[in-house]
2 protein chains.
Amino acid sequence: MTADFVGIGELARRTGTKVQTIRYYEEIGLLPPPARTTGNQRRYDRAAQQRLAFIRHARELGFSLDAIRTLLDLVDHPEQPCERADAVARARLAEVESRIVRLLALREELQRMVRECHGGRVAQCRVIEVLADHGRCLYADHQAPDRTGVRRGGDRQWASADGQRSAS
Amino acid sequence: MTADFVGIGELARRTGTKVQTIRYYEEIGLLPPPARTTGNQRRYDRAAQQRLAFIRHARELGFSLDAIRTLLDLVDHPEQPCERADAVARARLAEVESRIVRLLALREELQRMVRECHGGRVAQCRVIEVLADHGRCLYADHQAPDRTGVRRGGDRQWASADGQRSAS
DNA sequence: TTGCGACCTACAGCGACTGGAGGTTCAAGG
DNA sequence: CCTTGAACCTCCAGTCGCTGTAGGTCGCAA
């Protein structure tokens, strides 16, 4: 039987959150300030545990803390219509879909880079050439706004003058 | 005919970078310090323009600045074998592939949320229920390490006590 | 009572920028 | 030649979502 009032460490273990993260959520108002022992240590009840589980789950699904704040407001006022929760989820879905499209194109590009590198010198390395030249890129999502003055040859004469820059 | 020595603003426009970002890249040593006018303003040559284009392209493909630093070192020393560039690209590819897998699962989850929200009250909203309960989640990547003491019903009694928390 | 791990607050730092304040320079028009 | 205003300069603070550290306190078992 697990106790219902637990310390922050136990809560962290149960929800897979770091202790500092829990305190951080409290600080920014996502978690209400919990009860304290006489020695000023936090004690969390089951409601807090479930609220934190909600937050972690939403975070893992990629919701921003701001979106989660909106969602938690809705949780706290369950008589409203759920359009806002729906809107938050839909926005997130759109975001995820566009990321998937971008990542698929990116994967193509990287696969091509790796496929074409035949283990020679850097001077012939396609990885670097592809990165150097927008024109060879399959990934259409990031066209340079103005390509004027940018040659599309395989030259890499634009490395820094001495070839020895090691600003660290 | 575009001039070959341009100010930072023109460079920004040509590469789709913000002016501050260019200065930041210089500060952290990704771009070498450019020539200056007598009045201390930066003037960039074509090499700098191409180097910045390389950086931006790599960033858009999701490389970290650290990975880009490695790549630029290779660009500056083209006599080495290209194994390191290849390794950077391969690592990135693996990363992208795992992100795609995660995002596809996540999309499923969000689509299900949205599909099941029938525009009622928040009290019946599936978006919130799914977020509240790990057990209903298809997205296997984030199993809670310990579900003891977490009921799996549709109850949402764990909202904060007063229902009025508006810490902002 | 002692010991030690869990806890407390406060603050600094990460990556990769972005924005603003407050001052200087450049280039075009009059 | 002088004025104007956009572009530039440096320095610094803030963003997001944490994470880590320092230096001190508490809880609990032996």
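Chain naming here is simple, since letters A, B, ... match the order of the sequence lines and numbering starts at 1 in each.
Between B/Glu109 and B/Arg112 a salt bridge is recorded (basic side-chain N to carboxylate O distance below 4.0 Å). Taking a cutoff of 4.0 Å between a charged side-chain nitrogen and a carboxylate oxygen, A/Asp86 and A/Arg90 qualify as a salt bridge. Electrostatic pairing of B/Glu10 and B/Arg14 counts as a salt bridge here, judged by a charged N lying under 4.0 Å from a carboxylate O. The pair A/Arg56-A/Glu60 fails the salt-bridge criterion, with no side-chain N (NZ, NE, NH1 or NH2) lying under 4.0 Å from an Asp/Glu carboxylate O.
Counted by atom type alone, A/Glu97 and B/Gln111 present one or more donor-acceptor pairs between their side chains at under 3.5 Å.
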Show the numbers, then the answer: is there a side-chain contact (heavy atoms from CB on, under 4.5 Å) between B/Val114 and B/Leu110? CA-CA 6 Å; B/Val114 167; B/Leu110 287 168; 5.5 Å; no
How does protein contact run along nucleotides 10-25 of chain C, one letter per nucleotide 5' to 3', with B for base contact, S for sugar-phosphate only, - for none, heavy atoms under 4.0 Å? ------BBBB-----S
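Scored by the salt bridge (charged side-chain N to carboxylate O under 4.0 Å, His left out) test, B/Arg107 finds no partners at all (sequence neighbours excluded).
What separates CD of A/Glu10 from C1' of C/dG5 is a distance of 15 Å, to the nearest Å.
Think of the region where chain A sits on DNA chain D: with heavy atoms and a 4.0 Å cut, that region ends 5' and 3' at D/dG17 to D/dG27.
The side chain of A/Arg42 contributes no N or O atom lying less than 4.0 Å from OP1 or OP2 of C/dC7.
Counting any heavy atom pair closer than 4.0 Å across all strands shown, A/Arg36 reaches sugar-phosphate atoms only and no base atom.
Taking CD1 of B/Ile8 as the start and CZ of B/Arg43 as the end, the distance is 10.0 Å to the nearest 0.5 Å.
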